[in-house]
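For ligands, and for the atoms within them, numbers begin at 1 and follow the listed sequence. Computed from a prediction, not measured in an experiment: that's the story for all the values here. These values consider heavy atoms only, across backbone and side chains, with no hydrogens, waters or symmetry-generated copies.
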Amino acid sequence: MSSEPLAFELSQRGHRTTDQPISYLMAEALRRPNLISLAAGFVDDQTLPREAVAEAAAQLLSDPQTARSALQYGTTQGYSPLREAICEHLNALDHTPGRYQPQDVVVTTGSQQLLHLLTEVLIDPGGIVVTAWPTYFVYTGVLEAFGAQVRGVDMDEQGIIPEALDETLSRLEREGHLPGAGAGIVYITSYHQNPTGLTLSAQRRPRIVDIVRRHSEKAGRRILIVEDAAYRELTFHGEAPPSLRSFDEKGEYVALLQTFSKPFAPGMKTGYGLLPRDLVGSVLLQKTGRDFGSSNFNQQILNLVLRNGAFEAHVKKLCAAYAVKRDAMLAALDEHLGNIPGAGVTWTKPAGGLYVWLTLPPGMDAGRDGRLFGRSLEQGVLFVPGEYCYPPDPTRQAPGNTIRLSFGVADAQQIRRGVERLGQAIASLGRE
Ligand SMILES: Cc1ncc(COP(=O)(O)O)c(C=O)c1O
């Protein structure tokens with residue numbers, strides 16, 4: 001008899017879920033200690049809010065009653081004072097006093113969990129998800145696991161292009177895919193997008209909501225805009241445009257997702273969504289089976305920091321620190337990639353967030369199996385191949401010449417050195 005254990009037969013979803021590229025990139029960074037990683041979307045270590053969290057935790061734990069409440073299970077929907085504070089925060093950002101209501105807010109274990117839950121509630125295998133092209137690659141992995149049919153919509157400097165979205169939805173209707181397996185989702189990262197760093201312009205926002213409303217009415221089924229605003233607070237100067245949600249007056253078409261991971265502390269892994277009221281119940285049913293509530297302790301800490309001003313003060317500090325690193329990256333790109341003979345590299349100039357998106361000359365392969373990726377590793381710099389950020393859309397081919405760089409983790413000096421190494425790798429391929 002063989003000593004091999006019997007094989008497990010994985011579920012269909014188990015089979016459809018493939019390894020995320022991020023695991024490979026993280027392993028590569030750990031294997032090479034001298035590598036400068038401009039790949040990870042992690043936040044800056046030095047600015048994490050140690051003192052604000054220590055103070056809030058001490059306040060919670062010093063009183064037996066608040067300590068017991070924080071250390072006990074909470075509710076599936078989330079700590080209600082926090083949901084109130086979240087509404088105040090969102091109403092302040094959108095200048096909509098009193099409009100958003102705590103009963104429409106669900107607190108989740110990171111906004112990633114809510115992306116997953118909404119997809120679970122709305123999309124069966126074959127269901128339609130339309131997303132910007134390129135898009136956030138961890139969500140792409142979720143869509144593959146659910147067997148969604150994905151369509152990518154072009155972007156320009158002002159974010160996703162409304163006419164292109166309109167055309168994509170019309171095509172899906174003509175082909176009989178809408179309504180199809182599930183209501184359909186339009187997924188948009190509306191501020192400082194991961195991976196391009198671009199923000200959807202203010203003028204386009206009401207148009208996007210109108211387009212989705214119109215196509216929903218035609219399909220006789222509501223399509224949901226999932227507005228992923230993970231990087232909203234990381235707007236370095238001035239004010240960011242109002243959310244897509246603010247143009248959805250009755251709160252029917254947009255789920256607005258935000259997180260404490262990027263503007264505060266990813267270790268608390270707490271995100272939230274303001275949902276159409278009639279979706280809240282279905283999402284909570286799914287969440288009950290998953291964890292019946294996110295960490296109550298973390299939620300109570302976040303409630304205190306939102307209310308005592310520490311969150312806002314921290315965001316200001318973060319924006320100042322990240323602006324310096326963004327500027328270091330853009331200056332280094334000018335210096336080291338601006339004049340590579342024959343190369344013609346271009347890049348975005350983000351007003352916030354953590355990412356810069358590079359486009360190399362059309363023939364240059366920036367993929368994981370391409371020469372540039374290997375050469376960059378030899379030079380000691382790691383980037384995210386842009387190919388990961390294009391979801392599998394059977395109607396179009398992903399370009400292979402794009403790169404995502406992050407200025408989140410590395411310090412300004414490492415950023416300059418990393419970009420210099422990348423420039424050397426690109427120039428060396430140009431010479432061959
Ligand atoms: C666009 C976007 N959405 C959502 C998330 C999920 O973050 P979290 O689950 O920590 O809130 C991330 C994390 O990198 C992201 O980049």
> Can you list, by chain and residue number, every protein residue with a non-hydrogen atom closer than 4.0 Å to ligand 1?
Replying inline: Gly110, Ser111, Gln112, Tyr136, Asn194, Asp228, Ala230, Tyr231, Thr259, Ser261, Lys262, Lys269

Decide yes or no for [X] and [Y]: does some side-chain heavy atom of the first lie under 4.5 Å from some side-chain heavy atom of the second?
X      : Y      : answer
Thr131 : Tyr139 : no
Arg207 : Glu163 : yes
Tyr136 : Gln112 : yes

>> Here's one to test your reading of the geometry: is the NZ or CZ of Arg205 within 45 degrees of the ring axis of Tyr191 and under 6.0 Å from its centre?
In response: yes

> Got a donor-acceptor contact below 3.5 angstrom from the Arg326 side chain to the Phe236 backbone?
Replying inline: no

> With no hydrogens and no angle check, is any side-chain donor or acceptor of Thr348 less than 3.5 Å from a backbone partner on Pro350?
Replying inline: no

